[in-house]
Amino acid sequence: MPAPAAPDAALPWWGTAAHHAYLLNDAARQFAFFGRSLDPAGGFHAQAMDGSILSGAVKELHATTRMVHSYALGHLAGLAGADRMIDHGMTALRQLHRDSDHGGYVWSFAPDGTVADGAKLAYGHAFVLLAASSARMAGHPDAAALHDDICEVIDARFWDHAAGRMREEFARDWQKISAYRGMNANMHMAEALLAAFEATGERMFLDRAIGIFNFFIGKVGAVQNWRLPEHFTEDWSVDAGYEGNPMFRPAGTTPGHSFEFARLMLQAWDLDGCRNDDLRDWAVHLYRRALADGWDHVRGGILYTVGADGAPMRRSRYWWPLTEAIGAAAALLKAGLGDSGDYSLFWATADRLFIDKTHGGWIPEIDEDDRPDDSQFTGKPDIYHAIQACLFPLLPSLSHAARELPALRGRLAVPAD
């Protein structure tokens with residue numbers, strides 16, 4: 001059967017049968033590509049652009065947890081074999097990432113199962129909570145225990161109870177290694193907290209997520225013309241001059257994160273009974289600012305970073321900011337606030353530049369001539385961003401994806417090799 005036709009940015013597409021078929025087809029091809037990553041020795045292999053195994057690569061915590069989360073979504077949608085991927089990831093979390101000596105979860109382990117980097121990072125622990133919550137909603141028997149453990153670690157080590165935000169990083173033995181505070185880890189913590197609320201119904205999780213939004217968006221972003229500072233000092237002052245790891249801590253502000261925050265705030269707005277209109281309004285402001293600053297009108301795609309004045313800083317075009325633009329545009333459409341033209345444009349761009357129609361999955365970065373590039377990434381990092389861009393727009397609501405994904409059962413079939 002031929003693949004569904006690519007979206008045309010000039011034609012209505014949102015909510016059509018062609019739209020649904022296209023998303024289901026790409027989701028199936030993604031699951032097929034990453035389904036080959038299972039490493040019998042533990043965790044998941046890193047994969048080259050063609051899906052072959054990258055030998056010798058370490059297994060990082062965010063990659064393991066994102067696989068668990070993504071295949072939990074697939075399992076809920078009726079994906080055959082997804083339970084095996086979840087089981088394998090849960091075992092890796094328990095036996096390889098879990099630090100039996102000091103508690104918490106180490107950042108990476110080597111192919112032989114030894115610890116490669118024992119750092120304890122808020123970013124990684126946020127994804128453990130997301131994985132535990134998603135696996136719990138998918139009915140995995142070990143998910144509740146993982147959920148209890150990660151909540152205990154976060155409360156005892158990372159959560160700044162006075163500020164209502166996450167501390168950033170520690171050594172393996174929990175010694176302090178920096179005074180840095182970051183927006184990115186807190187954004188993903190908010191994502192995980194929303195999932196934890198959906199999994200458990202415990203209001204504390206939703207309240208903590210809303211507190212994160214109130215600070216980073218309502219208090220900080222609102223006075224920065226809706227451009228979100230990424231970096232902060234220990235007392236939560238903006239650290240405008242900071243520049244660290246070019247992937248996780250780049251200088252400037254990241255439009256992709258604003259799109260991501262916008263989607264998450266609309267999820268929280270829905271979970272809170274659509275009472276907190278600040279969340280809805282902030283989402284609209286962030287989306288519009290990110291689109292104005294980040295869209296590359298000449299080449300297509302989303303610029304990686306811009307300055308506090310909106311001027312481009314890093315013009316690199318990665319796959320994940322575009323997936324988050326898709327997610328935000330879809331959420332706004334569900335809320336009756338969006339533009340279907342934006343949504344179609346984003347998908348037409350993804351089809352033209354990033355979706356790998358030969359091997360499956362999305363190309364992580366492209367160069368100035370729109371060709372696959374490897375200046376920042378080796379191979380295809382993981383399925384998480386792109387699979388959500390396919391699955392979430394298929395669902396009618398802004399929240400509780402686990403309740404709605406089963407409606408896709410029988411429609412999500414991984415193609416044969």
Side-chain angles (χ1 to χ4, degrees), residues 122-123 126-127 129-130 164-166 181-198 205-232 236 238 248-250 252-272 274 276-295 302-306 308 310 318 320-335 337-338 342-343 346 384-385 388-389 392-393 398-399 401:
Y123 181 85
F127 278 111
L129 179 57
L130 179 65
R165 295 180 282 283
M166 291 283 278
R181 298 290 184 267
M183 184 197 76
N184 192 17
N186 278 276
M187 179 189 70
H188 283 295
M189 190 65 215
E191 174 188 30
L193 289 165
L194 295 179
F197 176 68
E198 292 183 353
F205 294 117
L206 179 58
D207 287 341
R208 284 188 176 185
I210 291 174
I212 288 172
F213 299 140
N214 285 340
F215 176 75
F216 287 100
I217 315 304
K219 183 176 180 180
V220 178
V223 299
Q224 301 280 342
N225 202 16
W226 306 108
R227 296 185 182 103
L228 302 181
E230 295 275 342
H231 313 297
F232 295 78
W236 294 103
V238 174
F248 292 107
R249 298 180 185 178
T253 181
T254 310
H257 285 158
S258 292
F259 287 127
E260 201 163 356
F261 257 123
R263 173 176 62 83
L264 294 171
M265 284 192 295
L266 288 172
Q267 181 184 355
W269 174 67
D270 191 57
L271 289 170
D272 201 28
C274 302
N276 189 339
D277 287 343
D278 282 345
L279 295 173
R280 178 199 62 196
D281 296 344
W282 295 343
V284 173
H285 285 305
L286 286 188
Y287 175 86
R288 290 175 177 170
R289 171 54 64 197
L291 185 58
D293 286 348
W295 183 254
I302 308 294
L303 302 178
Y304 186 43
T305 60
V306 301
Y318 303 139
W320 74 260
L322 187 58
T323 68
E324 293 303 333
I326 287 168
L332 287 166
L333 284 165
K334 293 179 188 182
L337 302 167
D342 286 356
Y343 180 81
F346 296 153
Y384 156 80
H385 286 286
Q388 292 185 152
F392 290 169
L398 288 161
S399 63

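Note that the structure is predicted; figures quoted are calculated from it, not measured. For reference, positions follow the sequence shown, starting with 1. All values below were derived from every heavy atom in this structure, side-chain atoms included, with hydrogens, water molecules and symmetry-related copies excluded.
Under the rule for a side chain to side chain contact (heavy atoms under 4.5 Å, CB included), the partners of Val284 that lie at least two apart in sequence or sit in another chain are Arg288, Leu332, Leu337. Partners of His257 according to the side chain to side chain donor-acceptor pair (under 3.5 Å) rule, which considers only residues two or more places apart in sequence or in another chain, are Asn184, Glu230. Contacts of Asn225 classified as side chain to side chain contact (heavy atoms under 4.5 Å, CB included), with partners at least two apart in sequence or in another chain: Arg227, Arg289. Every residue meeting the ring pair (Phe, Tyr, Trp, His ring centres under 6.0 Å) condition with Tyr304, not counting sequence neighbours, appears here in chain and number order: Tyr318. By the side chain to side chain contact (heavy atoms under 4.5 Å, CB included) test, Ala209 is found to be paired with Ala190, Leu193, Leu194, Phe213, residues two or more places apart in sequence or in another chain being considered. Under the rule for a ring pair (Phe, Tyr, Trp, His ring centres under 6.0 Å), the partners of Phe346 that lie at least two apart in sequence or sit in another chain are Trp295.
Taking 4.5 Å as the limit, every side-chain heavy atom of Phe216 sits out of range of all side-chain heavy atoms of Leu228. Between Val238 and Phe232, the closest side-chain pair of non-hydrogen atoms falls below 4.5 Å. At a threshold of 4.5 Å between non-hydrogen side-chain atoms, the residues Phe259 and Leu291 count as touching. Inter-residue side-chain proximity for Gln388 and Glu260 is flagged as unmet; no heavy-atom pair is nearer than 4.5 Å. Counting only heavy atoms from C-beta outward, the side chains of Leu286 and Met265 approach each other to under 4.5 Å.
Going from atom NE2 of His231 over to atom OG1 of Thr253 covers 9.0 Å, rounded to the nearest 0.5 Å. The NE2 atom of His285 sits 9.5 Å away from atom CG of Asp278, with the distance rounded to the nearest 0.5 Å. Summarising the geometry, atom CD1 belonging to Ile326 is positioned 12.5 Å from atom NE2 belonging to His385; distances are rounded to the nearest 0.5 Å. To the nearest 0.5 Å, atom CD1 of residue Ile217 and atom CE of residue Met187 are 9.5 Å apart. How far CZ of Arg181 is from CG of Asn186: 9.5 Å, rounded to the nearest 0.5 Å. Atom OG1 of residue Thr254 and atom CD1 of residue Ile302 lie 12.0 Å apart, to the nearest 0.5 angstrom.
In terms of heavy atoms, Tyr287 sits closest to Ala325 at CE1-O, 4.3 Å. The shortest non-hydrogen separation linking Asp270 to Ser399 is OD2-OG, 2.6 Å. Closest heavy-atom contact between Ala126 and Ala192: O-CB, 3.2 Å. Gly338 approaches Leu333 most closely through the heavy-atom pair C-CD2, 3.7 Å. Residues Ala290 and Pro255 share a closest heavy-atom pair of CB-O, 3.6 Å. Here the closest non-hydrogen pair linking Leu266 and Ala335 is CD2-CB, 4.5 Å.
Stacking of Arg165 on the aromatic ring of Phe215 is recorded, both the 6.0 Å distance cut-off and the 45° axial limit being met.
Under the 30°/60° scheme for interplanar angles, the aromatic rings of His188 and Tyr384 are found to be tilted. Between Phe127 and Tyr123, the two ring planes are perpendicular [angle over 60°; tilted spans 30° to 60°].
The one candidate from Leu398, Ile210, Leu264 that meets the side chain to side chain contact (heavy atoms under 4.5 Å, CB included) condition with Trp269 is Leu398.
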